[in-house]
Every structure is written in C-alpha cells, then in structure tokens.
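Okay, so here's the structure we're looking at.
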Amino acid sequence: MKITWLGHSSFRIEIADQVLLLDPWLEGNPVFDQTRTDEVLAGATHILLTHAHFDHASEVAAVAKKTGVPVAGIFDFVSWITEKEGIEGVGFNKGGTIRIGEVAVTMVNAEHSSSFGGPDGPVYGGAEAGFMIAGEGRTLYVAGDTDVMADMGVFAELHAPDFAILPIGGHFTMDAKRATFAAKKFFDFKAVIPCHYKTFDLLAQSADEFVRLMHPVTVHAPEVMGTVEL
C-alpha cells in the first residue's frame with residue numbers, strides 16, 4: 001500500500017489493483033504544486049469523497065472529467081453532482097460496502113458537517129463520512145473530517161483497521177490531543193498519517209505534537225507529495 005499526501009486532506013492511495021484519489025483538492029490547494037497534477041492523476045481508478053466542503057469536493061467534477069473515473073461517496077451528493085456535471089458516480093451510504101476491483105470500501109460515520117456554497121448561502125451536501133478501505137489483507141481507516149466519537153469503538157470491533165488517516169488541525173476537526181485520544185482509546189494502529197493541517201492559519205502548522213503524543217505508535221508525516229509505504 002502506497003499513500004501519497006497531496007496536502008490538506010487529499011491523498012493518492014495505491015492499494016491492490018486500485019489507485020484511489022481521496023478528496024482530490026489540487027488547483028485550489030495552497031500547498032500543492034500545480035505542475036505535478038498529471039503525476040497525481042496518472043492511473044487513477046476511482047475518486048473517494050468524504051463530504052461536500054470546498055476543500056474536499058470543489059474540484060471533484062473536474063478531476064473526474066479529466067481522468068474519466070467515477071466518484072464514490074454519499075448518495076445524496078454523488079447523485080446530484082453526477083447529474084449536474086455528467087460524470088460517473090457510485091452513490092452509497094453509511095454501513096454500505098462497495099467492491100472496487102480487489103478492494104472493499106465501507107462507508108462509516110464521521111462527526112462534522114457537509115455543504116457547499118450556493119447563491120443564497122450554504123447548500124446541503126449529504127452527510128459527512130469516513131471510509132474503511134480493505135485490500136492486500138489490511139485495512140486503512142480514513143476518518144474524514146471528524147471529532148472523536150463513540151462510534152469509533154464499533155469501527156474498531158467490526159473492522160480492526162491496521163492504519164489510519166486522521167485529521168489533527170483543530171478548529172474544524174480534531175486537534176492533535178483529540179486525535180491521539182481517539183487513536184489510543186479505540187484502536188490498535190500499527191501506524192497513522194495526519195492530515196487537515198498546515199493549509200490555513202487557523203489550523204495546526206505542524207504534526208510535531210501529534211508525533212509526540214502518539215508515541216510509541218508510528219506516525220508518518222510526509223511532506224506534500226511525499227509517499228508512505230505501509
């Protein structure tokens with residue numbers, strides 16, 4: 001499994017026979033190098049979308065059109081954007097599992113919000129979510145934008161994820177302290193990757209505190225376009 005951080009909460013996940021683009025926010029992402037877009041999109045097989053906020057979903061239609069791959073995410077938003085933009089989509093819901101080649105993706109709960117800007121203010125964008133991505137005999141938990149929640153205990157029992165991508169930036173999601181609590185209270189991770197930090201001034205600017213608090217659990221905090229092999 002190879003995971004490349006594209007900045008903020010965007011990732012390229014190479015697992016089994018799939019190349020998954022998670023919340024691909026590229027052109028508008030202030031920490032992403034636009035000259036590397038083609039490199040990121042090469043070989044993509046599916047797009048996974050956690051929720052409709054601009055820093056996750058604003059470029060999903062453009063990426064889907066450029067790559068020709070379907071968008072998988074919450075039924076409400078995917079149904080709307082596929083009809084509006086003429087792209088292919090796989091809408092499902094929490095507790096549902098889709099098969100993507102040799103990979104199984106289960107949608108799980110997150111505790112956040114989900115909307116996008118409209119002419120008269122925010123427009124409902126379906127519910128926020130996370131994913132359990134299973135392949136190669138291992139499972140990766142993508143928490144999405146979330147706070148700590150008791151549901152995580154259920155996720156641990158049902159899925160026993162080996163690895164996780166967790167938000168640590170604070171203000172809009174868990175901060176390092178809360179993410180560490182979630183990881184150590186409910187899970188037995190072999191390694192974790194932080195996200196949703198260092199993008200805006202409101203967010204944490206480094207993963208140093210998270211690395212310290214998570215010890216002895218391994219934290220991989222790559223630079224943008226850095227790749228972690230798990």
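No hydrogens, no waters, no symmetry mates; every other heavy atom, side chains included, goes into these values.
You'll find the side chain of Tyr197 stays beyond 4.5 Å of the side chain of Asp175, heavy atoms only. Between Phe92 and Val105, the closest side-chain pair of non-hydrogen atoms falls below 4.5 Å. In this structure, the side chains of Leu20 and Ile15 come closer than 4.5 Å at one or more pairs of heavy atoms. Looking at Tyr124 and Asp76, their side chains come closer than 4.5 Å, going by heavy atoms from C-beta outward. Side chains of Pro30 and Thr199 form a contact here, defined as non-hydrogen atoms less than 4.5 Å apart. At a threshold of 4.5 Å between non-hydrogen side-chain atoms, the residues Thr227 and Glu14 do not count as touching. Side-chain contact between Pro70 and Ile87: absent, with no pair of heavy atoms (C-beta onward) separated by less than 4.5 Å. Contact annotation: the side chain of Ile74 approaches that of Met107 to within less than 4.5 Å [non-hydrogen atoms, C-beta and beyond].
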Problem - Pair Phe181-Lys177, side-chain contact (heavy atoms from CB on, under 4.5 Å): steps then yes or no - result: CA-CA 6 Å; Phe181 176 87; Lys177 182 178 180 180; 5.9 Å; no

Exercise for the section: Dump the intermediate steps for side-chain contact (heavy atoms from CB on, under 4.5 Å) on His46 and Glu88, then the final yes or no. Expected result: CA-CA 10 Å; His46 274 74; Glu88 185 181 350; over 6 Å; no

Problem - Residue pair His215, Phe210: steps toward the side-chain contact (heavy atoms from CB on, under 4.5 Å) verdict - result: CA-CA 9 Å; His215 183 79; Phe210 186 57; over 6 Å; no

Handout entry: CA sep, side-chain torsions, deciding dist, call: Asp38, Lys66, side-chain contact (heavy atoms from CB on, under 4.5 Å)
Key = CA-CA 10 Å; Asp38 289 345; Lys66 187 166 185 177; 3.1 Å; yes

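Below 30°, between 30° and 60°, or above 60°: for Phe116 and Phe77 the angle between ring planes is above 60°, a perpendicular geometry. Ring geometry for Trp25 versus Phe200: interplanar angle of 30 to 60°, hence tilted.
The line from OG1 of Thr97 to CZ of Arg99 is 9.0 Å long, rounded to the nearest 0.5 Å. Taken to the nearest 0.5 Å, the CD1 atom of Ile133 stands 12.0 Å off from the NE2 atom of His159. Note that CD1 of Ile3 and CD1 of Ile165 are 4.5 Å apart. Values are rounded to the nearest 0.5 Å. Rounding to the nearest 0.5 angstrom, the gap separating the CD atom in Gln18 from the OG1 atom in Thr45 is 3.5 Å. Considering CZ of Phe32 and CD of Glu27, their distance stands at 10.5 Å, rounded to 0.5 Å. The structure places OG1 of Thr106 at 10.5 Å from CZ of Phe155, a figure rounded to the nearest 0.5 Å.
Taking 4.0 Å as the cut-off between side-chain N and carboxylate O, Glu223 and Lys198 count as a salt-bridged pair. Between Lys190 and Asp162, at least one side-chain N (NZ, or NE/NH1/NH2) sits under 4.0 Å from a carboxylate O, which counts as a salt bridge. Between Asp151 and Lys94, no side-chain nitrogen of the basic residue sits less than 4.0 Å from a carboxylate oxygen of the acidic one, so the salt-bridge criterion is not met.
With sequence neighbours left out, the side-chain hydrogen bond (donor to acceptor under 3.5 Å, both in side chains) criterion links Glu209 to no other residue. Taking the salt bridge (charged side-chain N to carboxylate O under 4.0 Å, His left out) definition, one finds that Glu85 meets it with Lys65, sequence neighbours left out.
Shown here for Ala143 and Ala110, the closest heavy-atom pair between the two residues is O-CB, 3.8 Å. The shortest heavy-atom contact between Ile81 and Ala61 is CD1-CB, 4.2 Å. The two residues Phe189 and Ala164 have their closest heavy-atom pair at CZ-CB, 3.4 Å. The two residues Ala182 and Met152 have their closest heavy-atom pair at CB-SD, 3.6 Å.
Residues Thr146 and Glu111 have side chains that never bring a donor and an acceptor to within less than 3.5 angstrom of each other. Counting only N and O atoms by type, the side chains of Asp55 and His8 include a donor and acceptor under 3.5 Å apart. Side-chain N/O atoms of His53 and Asp145 include no donor and acceptor closer than 3.5 Å. Asp23 and Thr50 form a side-chain donor-acceptor contact under 3.5 Å, judged by distance and modelled atom types alone.
By the 6.0 Å contact criterion, CG on Asp17 is enclosed, its count of non-hydrogen atoms from other residues, nucleotides or ligands being greater than 12. The environment of Lys185 atom NZ is sparse: at most 12 non-hydrogen atoms of other residues, nucleotides or ligands sit within 6.0 angstrom. Gln205 CD: more than 12 foreign heavy atoms inside a 6.0 Å radius.
In this structure, Val228 is a member of the same hydrophobic cluster as Phe163, with clusters built from ILVMFWY side-chain heavy atoms closer than 4.5 Å. Linking Ile, Leu, Val, Met, Phe, Trp and Tyr residues whenever their side-chain heavy atoms come within less than 4.5 Å leaves Phe75 and Val78 in two separate clusters. Val19 and Val40 are members of different hydrophobic clusters when ILVMFWY side chains are connected at heavy-atom separations under 4.5 Å. Following chains of ILVMFWY side-chain contacts shorter than 4.5 Å, one can reach Val60 starting from Val123, so the two form part of one hydrophobic cluster. If you chain together hydrophobic residues whose side chains sit under 4.5 Å apart, Phe172 and Ile168 never meet in one group.
When ring centroids are compared, Tyr141 and Phe187 come within the 6.0 Å threshold.
A distance-only check finds no donor-acceptor pair linking the side chain of Arg178 to the backbone of Thr173 [under 3.5 Å]. With hydrogens and angles ignored, the 3.5 Å screen pairs no side-chain donor or acceptor of Ser10 with any backbone N or O of Leu6. With hydrogens and angles disregarded, a donor-acceptor distance shorter than 3.5 Å links the side chain of Glu128 to the backbone of His112. Side chain of Gln34 to main chain of Leu26: a donor-acceptor pair is present (N/O by atom type, distance under 3.5 Å, no hydrogens or angles). Using modelled atom types, one side-chain atom of Ser114 and one backbone atom of Gly126 make a donor-acceptor pair closer than 3.5 Å.
Leu21 pairs in a side-chain contact (heavy atoms from CB on, under 4.5 Å) with only one of the listed residues (Val69, Leu41, Leu48), which is Leu41.
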